[in-house]
Protein chains: 2
Amino acid sequence: MKPSKLREIEMSCTCFNLRKATRAVTAVFDDFLAASGLRGTQFTLLAALYQSETATVTRLSQALVMDRTTLTRNLKPLQDQGLVRVSPGEDRRTRALSLSAKGRRVFGKAVPLWEQAQKQVIASLGKTNWDGLMKHLHLTSERMNPY
Amino acid sequence: MKPSKLREIEMSCTCFNLRKATRAVTAVFDDFLAASGLRGTQFTLLAALYQSETATVTRLSQALVMDRTTLTRNLKPLQDQGLVRVSPGEDRRTRALSLSAKGRRVFGKAVPLWEQAQKQVIASLGKTNWDGLMKHLHLTSERMNPY
DNA sequence: TTAAAATAGGTGCATATACTCTTATTATGC
DNA sequence: GCATAATAAGAGTATATGCACCTATTTTAA
């Protein structure tokens with residue numbers, strides 16, 4: 001295998017370059033959100049639960065387009081910190097997910113931090129490039145997902 | 001907090017949308033590469049090691065722009081499978097990383113599978129959109145990374 | 001030359017991701 | 001009404017990610 005070929009793989013691999021960019025952006029969000037005690041991923045979960053009256057694990061995982069079992073694990077630390085409550089659902093199979101008062105408080109404090117992170121990322125890229133990035137990310141999620 | 005605000009967070013969060021797209025694309029690559037026994041991330045590591053004569057953990061982590069300790073953990077299963085060899089380096093501090101014969105063989109078999117995955121992703125997005133995605137990902141990595 | 005700083009690397013801990021398998025419960029078809 | 005399908009969720013296992021901390025070396029500077 002030629003060296004040029006290998007450089008091409010690194011430059012052109014959609015998976016690698018997505019993961020690399022995700023690592024970088026996640027670090028920015030985690031830094032800004034640190035003061036709230038939340039990670040970027042956790043902020044998303046709280047945001048999704050903030051208004052929902054009817055969240056269950058399966059429904060939420062579908063809404064966020066993530067694996068159900070991944071969501072279960074991601075909810076664990078939020079439960080442990082008392083931010084998310086898990087109560088009996090409509091069914092004896094289902095569990096209702098909701099934010100606790102503390103969860104709402106923490107999320108409320110985190111929103112301005114999230115806005116700062118978002119602002120910094122947009123400023124770093126320039127608005128036009130950021131718009132382009134988001135457009136392509138939305139398209140990618142749409143076209144890839146078998147859901 | 002208004003529902004519209006929350007929907008906006010989900011639609012506009014750079015971190016969430018990057019992670020979501022990454023999950024989707026990673027699944028495609030992992031599926032195609034499954035026959036080789038490699039994950040997308042592992043394929044990248046083997047590609048980087050394929051030609052390198054002077055790889056060490058730190059140098060490779062810098063080349064791939066990933067945390068050094070993450071790389072250490074990611075190399076572990078490849079070592080265990082006998083694909084990557086770790087030998088004494090120039091220093092008594094450093095360790096030299098290289099592909100074993102088996103590692104080269106497995107990587108060689110995986111390349112066409114990677115090409116299929118890549119082709120499918122490009123086809124799903126359309127070449128123009130894929131070009132746009134990659135351009136924005138490269139830009140994002142450049143602008144975000146403090147390295 | 002030797003104490004301090006820099007470098008290379010690993011571990012502990014915690015979270016993020018997802019496949020497979022299992023259990024419990026509900027819904028369906030006959 | 002009951003056997004079977006489908007649904008909801010958790011556990012086991014494995015990889016991916018990165019911070020804080022630690023050890024072992026090498027380099028540098030006084």
Side-chain angles (χ1 to χ4, degrees), chain A residues 15-16 18-31 33-34 37-45 54-62 64-81 83 86-97 145-147, chain B residues 15-16 18-31 33-34 37-45 54-62 64-81 83 86-97 145-147:
Chain A
C15 186
F16 171 65
L18 259 170
R19 296 186 79 88
K20 189 167 77 158
T22 297
R23 285 196 296 269
V25 169
T26 297
V28 173
F29 276 79
D30 283 356
D31 280 354
L33 285 170
L38 295 174
R39 308 279 198 86
T41 45
Q42 300 176 328
F43 177 83
T44 303
L45 299 193
T54 59
T56 65
V57 175
T58 297
R59 275 203 287 266
L60 188 56
S61 73
Q62 288 165 348
L64 300 178
V65 196
M66 58 173 20
D67 188 85
R68 182 183 55 77
T69 68
T70 298
L71 180 59
T72 298
R73 317 287 170 137
N74 292 0
L75 286 172
K76 184 68 166 43
L78 299 174
Q79 280 178 253
D80 293 348
Q81 292 168 51
L83 308 178
V86 180
S87 25
E90 316 155 357
D91 244 30
R92 233 173 304 186
R93 290 175 295 184
T94 64
R95 281 135 213 271
L97 303 173
N145 265 295
Y147 304 109
Chain B
C15 187
F16 171 64
L18 259 170
R19 297 186 78 90
K20 189 167 79 158
T22 297
R23 286 195 295 270
V25 168
T26 296
V28 173
F29 276 79
D30 283 356
D31 279 354
L33 285 170
L38 296 174
R39 307 279 198 86
T41 45
Q42 301 176 327
F43 177 83
T44 303
L45 299 193
T54 59
T56 66
V57 174
T58 297
R59 275 203 287 267
L60 188 57
S61 74
Q62 288 166 347
L64 300 178
V65 196
M66 57 173 22
D67 189 85
R68 181 182 55 78
T69 68
T70 298
L71 179 59
T72 298
R73 319 288 171 134
N74 292 0
L75 286 171
K76 184 70 165 46
L78 298 174
Q79 281 179 252
D80 292 348
Q81 293 167 51
L83 307 179
V86 180
S87 26
E90 314 153 359
D91 244 30
R92 235 173 302 186
R93 291 176 295 184
T94 64
R95 281 135 212 272
L97 302 173
N145 266 294
Y147 304 109

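Below, chain A is the first sequence line, B the second, and so on; all start at residue 1.
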Rounding to an integer number of Å, can you tell me how far [X] [atom1] sits from [N] [atom2]?
X	N	atom1	atom2	answer
A:R39	C:dT17	CZ	P	10 Å
A:L60	C:dA16	CG	P	13 Å
A:L64	C:dT17	CG	C1'	14 Å
A:E90	D:dA8	CD	P	10 Å
A:D67	C:dT15	CG	P	19 Å
A:Q42	C:dT17	CD	P	10 Å
A:K76	C:dA14	NZ	C1'	11 Å
A:L71	C:dA18	CG	C1'	12 Å

Checking all strands, does [X] fall into the base, sugar-phosphate, or nothing category for heavy-atom contacts under 4.0 angstrom?
X	answer
B:T58	sugar-phosphate
B:R73	base
A:T94	sugar-phosphate
A:T56	sugar-phosphate

Could you tell me if the side chain of [Y] sits less than 4.5 Å from the side chain of [X], heavy atoms only?
X	Y	result
A:N74	A:L78	no
B:P88	B:R92	no
A:L75	A:L71	yes
A:V57	A:R95	no
A:L64	A:L45	yes
A:K76	A:T72	no

Does [X] have a side-chain nitrogen or oxygen under 4.0 Å from the phosphate oxygens OP1 or OP2 of [N]?
X	N	value
B:T70	D:dG18	yes
A:R93	C:dT23	no
A:R68	D:dG10	no
B:N74	D:dT15	no
A:T72	D:dG10	yes

Item to check | A:T22 and B:T22 side chains, donor-acceptor separation under 3.5 Å | outcome: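 Side-chain D/A pair, B:T22 to A:T22: present.
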Taking only the side-chain heavy atoms of [X] (C-beta and beyond), determine which of [options] contains the nearest atom.
X	options	result
B:R92	C:dA16, C:dA8, D:dT25	D:dT25
A:R23	D:dG18, C:dA6, D:dG10	D:dG18
B:T69	D:dT26, C:dA16, D:dG18	D:dG18
B:M66	D:dA8, C:dT17, D:dG18	D:dG18

Next on the checklist: Could you check D:dA5 for me: syn (within 90° of 0) or anti?
Outcome noted: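 Syn, since the glycosidic angle lies within 90° of 0.
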Checklist entry - If you pin B:A96 and A:T41 to their nearest nucleotides in DNA chain C, which one's is more 5'? => result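 So the residue in question is B:A96.
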Next on the checklist: Based on the rotation axes of five pairs at each end, what angle does the helix from C:dT1-D:dA30 to C:dT25-D:dA6 bend through, to 10°?
Outcome noted: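 The angle separating the two end axes equals 10°.
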Checklist entry - In terms of the nearest nucleotide of DNA chain D, which residue is placed more toward the 5' end: A:V57 or A:D31? => result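 Final value for this comparison: A:V57.
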Checklist entry - Who passes side-chain hydrogen bond (donor to acceptor under 3.5 Å, both in side chains) against A:D91, sequence neighbours left out? => result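 Applying side-chain hydrogen bond (donor to acceptor under 3.5 Å, both in side chains) to A:D91 gives A:R93.
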